[in-house]
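To start, the structure itself, in structure tokens.
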Amino acid sequence: MAKRSIHWFRKGLRIHDNPSLIAACENAVDVKPIFILDPWFSENGNVGINRWRFLLQTLLDLDANLKKINSRLFVIKGKPQEVLIDLFKKWNITTLTYELDTEPYAKLRDADVDDLARECGVEVIRCVSHTLYDTKRIVDKNGGSAPLTYKRLQTVVSMLGLPPKPVAEPSKCPTAVSMNHDQHYGVPDLKSLHKNPNECGPCLFPGGETEALSRLDRMMKKTNWVCTFEKPKTEPNSLQPSTTVLSPYLKFGCLSARTMYHRLHEIYKQNKKHTAPPVSLEGQLLWREFFYTVGSVTPNFDQMVDNPICIQIPWDTNVEFLAAWKQGRTGYPFIDAIMTQLREEGWIHHLARHAVACFLTRGDLYISWEEGKKVFEEYLLDADWSLNAANWMWLSASSFFYQYFRVYSPIAFGKKTDKDGSYIRKYLPVLKNMPTQYIYEPWTAPLKVQEKAGCIIGKDYPKPIVEHDKIRPINIQRMAQAYKNRPDKSCSGETKGKGQKRKPELKTEERNSKKAKTTSKTNKKITDFMKEGK
DNA sequence: TTCCTGTTGTATAC
DNA sequence: GTATACAACAGGAA
């Protein structure tokens, strides 16, 4: 029987380094490259307007690239399980190919589809190409569980050798296309998806494989920059991005992580002196790999409850604070500028994410990281399920990172790299005439200064919703308490998880009594604070 | 059990 | 720019 394939694009929205697309094309008489607009993502995906635009741009570009190899993209709306069963029959399909996806919804969906394919006598070919390695191999090599530190991840992947080299584009992809293809299978625009294009922000990072590869080229040409790149030393509030902004392209698979990895590797080979993980550009790809791996095997990875690697913290519920944070009106210009850039442009620097995430959670507002994660999920072009959950756990000191006493200052942190507050003036124009000495703390400006700057605090720009210096030590103590209340991990499986056993108290009597004193004092502070809050 | 390390804290002193 | 106190966490290696 002649081979007739469907290649199902989900992530991996590219024709370079796409082994499952190659598998679809091999010896086939007909290949149908499809993308299914699954209503699940509209209902549960929390996709903001800018990311919708990015996706549609990406699909248009994918269609254009497929045309170059004599094919077309077929975009179909519907539930994948139903769409595929129709198409198997309609197109007399023998083979289905797709890229492996490790996210929970994808795993369930794909298991369903595999069953349907089996019932229909359709062969299924799945390839790993979204991550550098097959995350299952990393888990296996680590003894059946995910590595929980970056160091450990590094050790494990070093045992696996270099990630596979990217595969070449398919040279031909024979696709029968009807005259009215665009009418039936064309890429929709925002309006036809009932989205309002006027709500989009400026398009600084257009979607698509073509843009991804040219952006990668631009970045890799800066050899010296690549070889000296140290992530923690890049600036969160520069007016031009200080990092690559390849993340949205990696998220959708417009860019293959392996392609990027091996491009870096070539550059490193030619330049003896270069930075190394975790801070280097290669290190950034390994962070992605790390979080994908942990996310692929950890139950309830995107929530606190029933997530075995997440510390249970009794976060506050405060809808007003949450809304102020989301909408960029906390009264802290650095925080509000970042949240404005996020909402309007869909990308913010990693350290800017740190600053606002710390502020929302353990630093200032003491609101659950899950709430912050939802907001990032909506606004970020690069919102990536594993990375988003992992980084929110990191910043809230719920997992991976535990030094909860290291708190970012919403005033001091931004000053380090933008003394004049140009970034704040750009994203919060209401503050653009505030004198530099007050730009990070405009509430401290004398009224006359505020009048002259055309920005009255409390009227034109909000007063701070919390006092950072007062709330910070209180929150640190609340975190200490939450850590202390953790179930003892060393106890047996039977008692484990019941939350009865407590970690031993501090070692010496002296410290013990000192600690007890501080804690009770702080507890009183917390109680007083709560009362005042009401 | 102890010791070391951990991408990216802040404020202060020199 | 670099060192240090702050008050002190967890995971993992030794």
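In what follows, chains are A, B, ... by sequence order, proteins preceding strands, each numbered from 1.
Among the heavy atoms of the strands, none lies under 4.0 Å from F401(A). Using a 4.0 Å heavy-atom criterion, one finds that L148(A) contacts the sugar-phosphate atoms exclusively. Counting non-hydrogen atoms under 4.0 angstrom, V279(A) reaches a base of the nucleic acid. Contacts of E230(A) with the nucleic acid, taken as non-hydrogen atoms under 4.0 Å apart, are absent.
Only the P atoms considered, dC9(C) is 22 Å distant from dA11(B), to the nearest whole Å. Between dC4(B) and dA8(C), the two C1' atoms lie 15 Å apart (nearest whole Å). Between dA10(C) and dT10(B), the distance separating the two P atoms is 22 Å to the nearest Å.
Whole-Å rounding puts the W394(A) CH2 to dA10(C) C1' distance at 12 Å. Computed from coordinates, the Y150(A) OH to dA10(C) C1' distance equals 19 Å when rounded to whole Å. Taking atom CG of L395(A) as the reference point, atom C1' of dG9(B) lies 12 Å away to the nearest angstrom. Spacing between atom NZ of K416(A) and atom P of dT8(B) amounts to 11 Å, rounded to whole angstrom units. Atom-to-atom, CZ of F400(A) to P of dA10(C) comes out at 16 Å; the value is rounded to the nearest Å. Residue I476(A) contributes atom CD1, which lies 9 Å from atom P of dA8(C) at whole-angstrom precision. For the pair H468(A) NE2 and dG9(B) C1', the computed distance is 9 Å after rounding to whole Å. In this entry the distance linking CD of Q481(A) with P of dA8(C) reads 12 Å, nearest Å.
Between R406(A) and dA7(C) there is no side-chain polar atom (N or O) within less than 4.0 angstrom of OP1 or OP2. Proximity of K151(A) to the phosphate of dG6(B): a side-chain N or O atom is located under 4.0 Å from OP1 or OP2.
H349(A) and T234(A) share a donor-acceptor pair across their side chains, judged by distance under 3.5 Å alone.
When E370(A), E378(A), E371(A) are each tested for a salt bridge (charged side-chain N to carboxylate O under 4.0 Å, His left out) with K374(A), only one passes: E371(A).
A cation-pi arrangement is absent between R215(A) and Y249(A), since the terminal nitrogen or guanidinium carbon is not both under 6.0 Å from the aromatic centre and inside a 45° cone about the axis.
Proximity note for R152(A) (side chain, C-beta onward) versus dA13(C), dA10(C), dC9(C): the nearest is dA13(C). Closest to the side chain of A412(A), out of dG6(B), dG11(C), dA11(B), is dA11(B). Checked against dT7(B), dA10(C), dT10(B), the side chain of S409(A) finds its nearest nucleotide in dT10(B). Checking dA10(C), dT8(B), dA8(C) against the side-chain heavy atoms of Y404(A) singles out dA8(C) as nearest. Taking every side-chain heavy atom of H354(A) into account, dT8(B) is the closest of dT8(B), dG11(C), dT10(B).
Between F376(A) and W325(A), the two ring planes are parallel [angle under 30°; tilted spans 30° to 60°]. Below 30°, between 30° and 60°, or above 60°: for F290(A) and F400(A) the angle between ring planes is above 60°, a perpendicular geometry.
dG11(C) and dC4(B) make up a base pair, with Watson-Crick or G-U wobble contacts both under 3.5 Å.
Without hydrogens or angle criteria, D302(A) side chain to A389(A) main chain gives no donor-acceptor distance under 3.5 Å.
By the 5.5 Å and 30° criteria, W287(A) is stacked with the base of dT7(B).
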